[in-house]
Amino acid sequence: MIELNFLTALLIGLTGAGHCISMCGGIAAAVTMGMPNKPQHSWIYLVYYNLGRITSYMIAGLLVSQFFVQITSLSQSNNPLILMRIFASLMMIILGLYIGRWWSGLTYIEHIGHVLWRFILPLTKYFLPLTSPFKAIPFGFLWGWLPCGLVYSTLTWAAVSGSAIDGMMIMFAFGLGTLPAMLAIGTMADKLKILLNNTYFKRINGFLIIIYGMHTGYIAINQIW
């Protein structure tokens, strides 16, 4: 089951990367500000930035999944996990509707994270300009907490994975899926954005995610009875 969750998270990251480009394009540009020998070394800064970003996803997945493991253990019942799995399936359906461009309700969920983001955003300024590749790691780590409906949807999936390690790996897969778009620059990024924003491409993948969410929800509901 974890292999299927891993592949689904990878698919979410890949198909949702167009959203990532729109939200993080300016941030990626900031990564190259103030660096020496920009043409030769820009890719190193981008790699380190994305390393920090994906690390933040993995830590979030680890903490959230461990929290629900503890809740399940204390309750001595799988009911909390089953209920959370139903909620995760609903989030997956909402995500599929968003990726397929049928409904953009997922954007409203992003407002949840703005309370925490108000405290994190000022910290990012301490690492600019990025005069060293290693400064790009904590910079990317902080920007990984940017309110994002795609991340929140995948986190609900990680939460019901059953173990902290599995939750962490699901978020790693999600981050891995976003890498092609986030590492692409210039003409390559423009071409990749055209593919990722193609209506047919997004709707096929959105439909697959909805089906997976409905299937998981159906299994979870049957476990209640």
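For clarity, every value in this text was computed on a predicted model and none was experimentally measured.
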(request) Dump the intermediate steps for side chain to side chain contact (heavy atoms under 4.5 Å, CB included) on Y126 and F139, then the final yes or no. (result) CA-CA 9 Å; Y126 291 106; F139 182 74; over 6 Å; no
Nearest-0.5 Å distance that lies between atom [atom1] in [X] and atom [atom2] in [Y]:
X    : Y    : atom1 : atom2 : result
M58  : L176 : CE    : CG    : 10.0 Å
L155 : I170 : CG    : CD1   : 10.0 Å
I12  : T178 : CD1   : OG1   : 12.0 Å
L142 : L123 : CG    : CG    : 6.0 Å
T8   : N5   : OG1   : CG    : 6.0 Å
S56  : I137 : OG    : CD1   : 12.5 Å

Give a yes or no on whether the backbone of [Y] and the side-chain of [X] come within a donor-acceptor separation of less than 3.5 Å.
X    : Y    : answer
S89  : I86  : yes
N205 : F201 : yes
E110 : C148 : no
T154 : L150 : yes
S161 : G167 : yes
T216 : G213 : no

Determine, using the 4.5 Å side-chain heavy-atom cutoff (strictly less than), whether [X] and [Y] are members of one ILVMFWY cluster.
X   : Y    : answer
L97 : Y218 : no
M91 : I210 : yes
M84 : I112 : yes
I99 : I204 : no
L11 : M92  : yes

Heavy-atom side-chain proximity of [X] to [Y] below 4.5 angstrom:
X    : Y    : answer
I94  : S153 : no
F174 : L10  : no
K202 : T15  : no
H215 : I219 : yes
W143 : W117 : yes
L179 : L14  : no
L62  : M171 : no

Work out which heavy atom in [X] is nearest to a heavy atom in [Y]; give both atom names and the distance.
X    : Y    : value
G61  : A158 : CA-CB, 4.4 Å
Y45  : L130 : CE2-O, 3.1 Å
P133 : I44  : CB-CG2, 3.9 Å

(message) Considering only residues two or more places apart or on different chains, which pairs with a residue in residues 58-90 satisfy ring-ring contact (aromatic ring centres under 6.0 Å, His included)?
(response) none
(message) I want to know whether W157 and Y212 have ring centres closer than 6.0 Å.
(response) yes
(request) Verify whether the ring centers belonging to Y48 and F134 lie closer than 6.0 Å. (result)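 Yes - the distance between ring centres of Y48 and F134 falls below the 6.0 Å cut-off.
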(message) Holding to side-chain contact (heavy atoms from CB on, under 4.5 Å), I want the full list of residues that pass it with I59, two or more places apart in sequence or in another chain.
(response) T55, L63, F141
(message) Going by side-chain contact (heavy atoms from CB on, under 4.5 Å), name the residues that satisfy it together with I165, two or more places apart in sequence or in a different chain.
(response)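 S163, M168, M169.
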(message) Under 3.5 Å, is there a donor on one side chain and an acceptor on the other for R53 and Y49?
(response)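 No.
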(message) Using side chain to side chain contact (heavy atoms under 4.5 Å, CB included), reason through V160 and T156 one step at a time and then give a plain yes or no.
(response) CA-CA 7 Å; V160 298; T156 63; over 6 Å; no
